Amino acid sequence: MSYAPGEQLLVRFGGIPLDGRAFLAARVSDGGGTIALASGARTLSNKCASQVYAPEMTNDGKPVEVLLTTPCDNAPEVITVSLVSSPSGHGPFYFTTGGVKRTAGRAPACPPPAPPARPPYPFQEPINETCPNGAAAQHNAPCPAVPCRSPVGKEGTCLVSFDQSEPDRNGSINAEARVELLTDDVTPISHHYVTGSAPPTRAWTRDISDWKLSIDGEVDQAHNFTMADLQSFPHVTRRYVLECAGNWGRGIVPAYQQADWWSIGAVGCSEWTGVLLKDVLDSVGVKSSAVYVAYYGEDNFLSRGVPIEKALDGHTMLAWAMNGEPLPAFHGFPVRMLAPGFPGAAQGKWLKRLWIRDREHDGLGMLGKSYRIPKYPLKPGDYKAPDEWFKVFTQQPVRSLIVRPPRCSVTPSPLVRLEGKAWSGAGDVTSVHLSYDSGATWIATRLSPPANKWAWQRWAANLTLPSPGAWNIFVRASDHTGATQPMLVPGWNPGGYGNNQVMKIDIQVLTSLEPSEHPRCNVCKHVYNPFRDCGGKENLARDCGEGGVPFEDLPASWHCPVCGAAKSQYHRIVAGGGSFEWVQRDAHSPDHPAKDMSLLGSLASPGDDDPRLNARTWNVATPLVMWSGWIVAGVAISLLLVQRRVRCDVERHDATPYVALH
């Protein structure tokens, strides 16, 4: 059987158990049109346009039939109608489905197709790449090269859904950023995450001739502001991080429990232009009874908001531009609210009204467990905790990302350049650290200041991994309040909100750094590191760049960063390539029994000033290698055994440490 788009079909269900006396419900697949009661059929009720049901177990002797009206536009290739029935409210239950295929053409009843102002949801084809090592990162989140689809104009994002094929929640889009593309200080619109309901018509037509923003409630003088009215206030342009409350929600609640659960890319930092909400509210006079600013958007979906203190803090904005352009449809045209440091759901889009209230707002998305976090610790999986145990989720926690190298990377060298972003709902981030040993030790990075409060901050570091193999690199940020990211999920909650667990990437190192690659100082035995030492003694904090600076490219005036020796005092190391034995003794008790350790030694050291080293001095007995050879006359050279005291700089958890002979 087939259908033409716009055609009406009579669907008859047979095989109803117990001679037709049964509870039953029928529905049509999403996008397949509407179903309604057919003339002369058994009486049914409409639960919604795509579903009918029999609320009582009756048998009026009429056939079970429904009228299916297929869609004229965007008709699916196959429409599926399903039925469930039962002779009682306790079962057994009987299921049946039937499908009808689309044919070419349109039914005469359909009007001519009218092209929309803009195709609402076209998608890019999946990116055809594969992970370099087939690995998974961030607790089984997909690797960055796993194929995904994205809306047109949002090429730097991936749809978040079960099959990445269609919008969720009746047309809404949920697309998160590809984290490895978030390298810019100002996130491009194409890379900024999107969430929320479907943009209203005005967002696509861009017609603001009749648009006004109503501000009423606990104010001295309610007012309807046109765009010209708003733009008469002093303009401000600021960079603000915008992050969904459920970013990295999959780390708390499994993805299968909700189709649009985020991985780690529901964040961006764009440049917003508009006016301060404080200036606008001051113009209407906020009463002392004001407690909350509630927003209403033209999408008629969420209605949340912020406390009056946040609205008047001199940072919260009403914005009409993003990165110098009028707000895109997905991001709230014509005007949206920005409350930096708060979750994205508190920062309404497509605004039409601000209601100043004398109590905490109780709109859609404010009650129950919606956008609320527990006041007390909950047992993982506890969905039955009472609503009064929850409070509104306001300030976002401190968080950081590694954007370079990408997750699941393979590198031929243990010298790795890492870069990323850090931010906090409390304001400035004060430090960012890295760890390659699961948090046993942490290495400080170089952290740049923010462009303004609540803009994210760039960090960078050059890291030498101890050996070849598979490594996990963790990043952890701390803010000015002393808050620090936890290694584990900070606390379970049924909404998956506020998970600021440290991010990690996995790196596969294929080879080790050969000791002959870099020169060593004749004076202090320091081995030159091209990623860290290019500034020399005079500028230890200098950033050597992603590729480092080869020793040959250093100026003649360069001096050793440790002892200040001239460049001419460096020479190339001759690779040892052999193995030797050394004896490790207790550093605090020379009489402690020795522990023999056979290690492969290389004649190179990462440098005495390297903060990653746990440098200790041991008593080591090292025999010189015994050379023997024959002279033409057959005279043998006797063996010479020399005991020497050496210092061994050993990186923690290094199976093949660097050993420097002094």
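Bear in mind that the values here come from a model prediction, so they are computed numbers and not experimental data.
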Identify, with sequence neighbours excluded, every residue that meets side chain to side chain contact (heavy atoms under 4.5 Å, CB included) alongside P200.
A203, E298, D299, W350
Please tell me if the side chains of R239 and D185 come closer than 4.5 Å, counting only heavy atoms from C-beta onward.
yes
Given E7 and T70, is the side chain to side chain contact (heavy atoms under 4.5 Å, CB included) satisfied, shown in steps?
CA-CA 6 Å; E7 184 180 5; T70 62; 4.1 Å; yes
If the condition is side chain to side chain donor-acceptor pair (under 3.5 Å), which residues does S214 pass it with, not counting sequence neighbours?
N224
Please check if the side chain of Y193 supplies one atom and the backbone of C244 the other of a donor-acceptor pair under 3.5 Å.
yes
Shortest non-hydrogen contact between T237 and E271, atoms and distance:
CG2-CG, 3.4 Å
Side chain to side chain, P374 and W389, heavy atoms closer than 4.5 Å
no
Measuring only between side-chain heavy atoms, which start at C-beta, is V392 closer than 4.5 Å to Y292?
yes
Does any part of the side chain of Q501, heavy atoms only, come nearer than 4.5 Å to the side chain of W248, both counted from C-beta?
yes
Are R102 and E77 ion-paired here, with the side-chain N under 4.0 Å from a carboxylate O?
no
Is the shortest side-chain N to carboxylate O distance from R357 to D362 below 4.0 Å?
yes
Just distance, no hydrogens or angles: give the donor-acceptor pairs under 3.5 Å from side chains in residues 328-342, sequence neighbours left out.
| unit_1 | atom_1 | unit_2 | atom_2 | d |
| --- | --- | --- | --- | --- |
| H331 | NE2 | K154 | NZ | 2.5 |
| R336 | NH1 | H331 | O | 3.4 |
| R336 | NH2 | Q347 | O | 2.8 |

Which atom of R399 lies closest to which atom of N247, heavy atoms considered
NH2-O, 3.4 Å
Inter-residue atom distance D506.CG - Q508.CD, 0.5 Å rounding:
8.5 Å
For the residue pair S209 / D207, report whether a side-chain donor-acceptor contact shorter than 3.5 Å exists.
yes
How would you list, by chain and number, every residue that makes a side chain to side chain donor-acceptor pair (under 3.5 Å) with S190, sequence neighbours excluded?
none
Gap between atom NZ of K101 and atom CD1 of I79 - 0.5 Å precision
13.5 Å
Working to the nearest 0.5 angstrom, can you tell me the gap between I215 CD1 and L277 CG?
6.5 Å
Please tell me if the side chains of T195 and E176 come closer than 4.5 Å, counting only heavy atoms from C-beta onward.
no
Non-neighbouring partners of D184 that pass salt bridge (Lys or Arg N to Asp or Glu O under 4.0 Å), sequence neighbours left out:
none
Are V502 and L488 close enough that some pair of their side-chain heavy atoms sits under 4.5 Å apart?
no
For residues L242 and H192, determine if any side-chain heavy atom of one lies less than 4.5 Å from a side-chain heavy atom of the other.
yes
Quick one: OG1 on T157 to CG on L181, what's the gap to the nearest 0.5 Å?
9.5 Å
List the steps, then state whether side chain to side chain contact (heavy atoms under 4.5 Å, CB included) holds for L67 with L9.
CA-CA 6 Å; L67 190 64; L9 304 176; over 6 Å; no
Side chains of L367 and D387: does their closest heavy-atom pair fall under 4.5 Å?
no
Mind checking what makes side chain to side chain donor-acceptor pair (under 3.5 Å) contact with T80, not counting sequence neighbours?
none
